[in-house]
Amino acid sequence: MDLQEPFEALDSKTQDPYAQAVEAYCDGILRLHWNERLINKIFGRALQSHAAGRLVVQHYQWQLRGAPRPTLALLQRRMPGGARTLVTFFAVLRLAGMVAVDNDPADRRVRYLVPTPRLLDGLRTWVQHHLHCAEALGALAPGHARRLDNDADYFAAFLAGADHILDRLAETRGRFGGWDWFDQRDGGGRIAMLLLREHCRAYRPADPTPPQFALRANEIAQRLGFSHSHVRNLVNEATALGHLTQDAPRGLVALTPRFLADLETWLRQLLGWFTETATLAHRQLQSTRQPHARCEAAHTPPP
């Protein structure tokens with residue numbers, strides 16, 4: 001794989017529709033993290049990403065549904081087991097300009113956490129990659145991903161309902177075998193996506209065995225902001241556990257059928273939750289906009 005190539009529109013060599021969609025999905029997610037050392041450190045583990053997601057969901061549920069505004073104490077109750085970690089994590093998000101603090105005018109001891117445009121813009125792009133993939137696989141009608149750019153109400157409705165995704169992720173943690181193993185390690189989810197992307201690029205439907213592809217651990221480590229030893233150890237541990245096979249003399253790796261099955265199960269479940277959330281957001285907007293549309297029609301003189 002050429003890690004120097006620009007991230008442009010994909011010219012996939014595989015003719016398999018599923019492999020094409022997954023390759024584009026992984027490529028899109030990697031664009032958000034390539035050469036972004038700070039982003040990779042901040043969101044290196046699932047706990048941090050889900051905590052940021054809970055903050056955004058709570059913020060939009062407050063705006064749209066009158067739910068309590070997000071505070072650190074509230075998020076700690078919603079995510080038990082990592083209270084001290086969350087204090088440090090949100091302090092880092094503030095330093096990175098992704099979260100601001102708004103004091104309660106009635107009690108300045110109460111400090112609300114507010115997602116900034118920097119965090120929301122990145123989240124919008126991240127959600128779009130998932131919806132694009134769901135559309136490409138036929139799980140979601142076309143247009144939802146593009147709508148996130150030009151319909152602020154739809155974006156807000158989606159985020160207000162995205163606790164559905166976070167709840168399902170929490171409920172199913174540990175059920176996806178090799179994916180869970182990678183995702184629990186620093187940068188592991190990104191490395192797994194890179195491996196899956198390269199598998200899809202090398203995949204040929206006529207070949208019954210998973211294809212081998214080149215792995216340059218040092219280059220991957222530099223681009224993702226981790227040490228070479230961290231990437232190398234992760235790959236070696238994954239091999240020992242049966243997630244990968246290696247041809248060390250040639251510098252090649254391949255995903256095992258079991259790991260591929262874990263990845264497909266995880267991705268299809270995840271995209272299903274995104275599809276459900278997108279569909280619900282669309283229906284909610286329809287229900288709120290239709291009475292307004294009927295009212296306008298009633299006051300419009302006939303031609």
Side-chain angles (χ1 to χ4, degrees), residues 42-43 46-83 85-87 89-94 96-131 134 140 144-145 147-173 269-292:
I42 293 176
F43 300 107
L47 174 64
Q48 288 93 316
S49 297
H50 295 176
R54 292 286 182 190
L55 162 62
V56 173
V57 168
Q58 193 68 31
H59 176 78
Y60 279 93
Q61 288 186 347
W62 161 67
Q63 286 193 336
L64 300 183
R65 305 177 186 176
R69 290 190 71 177
T71 63
L72 179 58
L74 177 61
L75 294 172
Q76 286 173 327
R77 291 196 297 271
R78 297 282 171 87
M79 301 187 66
T85 302
L86 290 182
V87 172
F89 173 65
F90 283 113
V92 172
L93 286 185
R94 287 187 62 192
M98 297 182 184
V99 169
V101 170
D102 188 6
N103 291 320
D104 189 319
D107 185 351
R108 296 188 65 81
R109 293 172 300 178
V110 178
R111 310 178 78 191
Y112 301 114
L113 299 176
V114 183
T116 67
R118 184 182 183 191
L119 178 59
L120 294 176
D121 288 345
L123 183 58
R124 178 185 289 104
T125 304
W126 186 76
V127 171
Q128 279 180 321
H129 291 316
H130 290 76
L131 297 189
L140 184 65
H144 286 267
R147 189 175 176 185
L148 292 171
D149 278 330
N150 53 33
D151 189 339
D153 291 340
Y154 177 71
F155 182 54
F158 183 97
L159 294 180
D163 54 345
H164 172 70
I165 300 170
L166 296 171
D167 289 344
R168 299 295 86 76
L169 285 169
E171 291 168 3
T172 58
R173 189 170 297 125
Q269 288 267 20
L270 181 66
L271 296 176
W273 302 329
F274 272 83
T275 295
E276 291 163 0
T277 303
T279 302
L280 181 59
H282 172 70
R283 289 174 179 170
Q284 287 176 337
L285 284 181
Q286 276 190 318
S287 66
T288 57
R289 289 175 174 176
Q290 281 177 349
H292 179 66

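For the pair R168 (side chain) and Q269 (backbone), a donor-acceptor distance under 3.5 Å is absent.
What you find for A278 and L131 is that their closest heavy atoms are CB-CD2, 4.2 Å. Considering all non-hydrogen atoms of both residues, A51 and L86 come closest at CB-CD2, 3.4 Å. Nearest heavy-atom pair across A52 and L93 is CB-CD1, 4.4 Å. Taking all atoms of both residues into account, the shortest heavy-atom contact from L169 to W273 is CD2-CZ3, 3.7 Å.
Applying the ring-ring contact (aromatic ring centres under 6.0 Å, His included) test to F274 and every residue at least two apart in sequence or in another chain returns W126, H130. Taking the side chain to side chain contact (heavy atoms under 4.5 Å, CB included) definition, one finds that D153 meets it with D151, L285, R289, sequence neighbours left out. Under the ring-ring contact (aromatic ring centres under 6.0 Å, His included) criterion, W62 pairs with H59, not counting sequence neighbours. Residues satisfying the side chain to side chain contact (heavy atoms under 4.5 Å, CB included) test with A67, not counting sequence neighbours, are Q58, Q61. For the side chain to side chain donor-acceptor pair (under 3.5 Å) test, residues two or more places apart in sequence or in another chain that qualify with E276 are H164. Looking at residues two or more places apart in sequence or on another chain, you find a side chain to side chain contact (heavy atoms under 4.5 Å, CB included) between L64 and A156, A160.
Rounded to the nearest 0.5 angstrom, L123 CG and L159 CG are separated by 5.5 Å. Note that NE2 of H50 and CG of L75 are 14.0 Å apart. Values are rounded to the nearest 0.5 Å. If you take CG on L280 and OG1 on T275, they are separated by 12.5 Å, rounding to the nearest 0.5 Å. To the nearest 0.5 Å, atom OH of residue Y154 and atom CD of residue Q284 are 10.5 Å apart. The distance from the CG atom of N103 to the OH atom of Y112 is 9.5 Å, given to the nearest 0.5 Å. Atom-to-atom distance recorded for Q76:CD and L72:CG is 4.0 Å, nearest 0.5 angstrom.
With respect to D102 and R69, a salt bridge is recorded, a charged nitrogen being found less than 4.0 Å from a carboxylate O. In this structure, R54 pairs ionically with D167, as a charged nitrogen and a carboxylate oxygen lie closer than 4.0 Å.
The 12-atom threshold is exceeded at CZ of R65, counting heavy atoms of other residues, nucleotides or ligands nearer than 6.0 Å.
In this structure, the side chains of T71 and L113 stay at 4.5 Å or more apart for every pair of heavy atoms. Annotation: side chain of P115 is not in contact with side chain of V99 (no heavy-atom distance under 4.5 Å). The closest side-chain heavy-atom distance from V127 to R124 is not below 4.5 Å.
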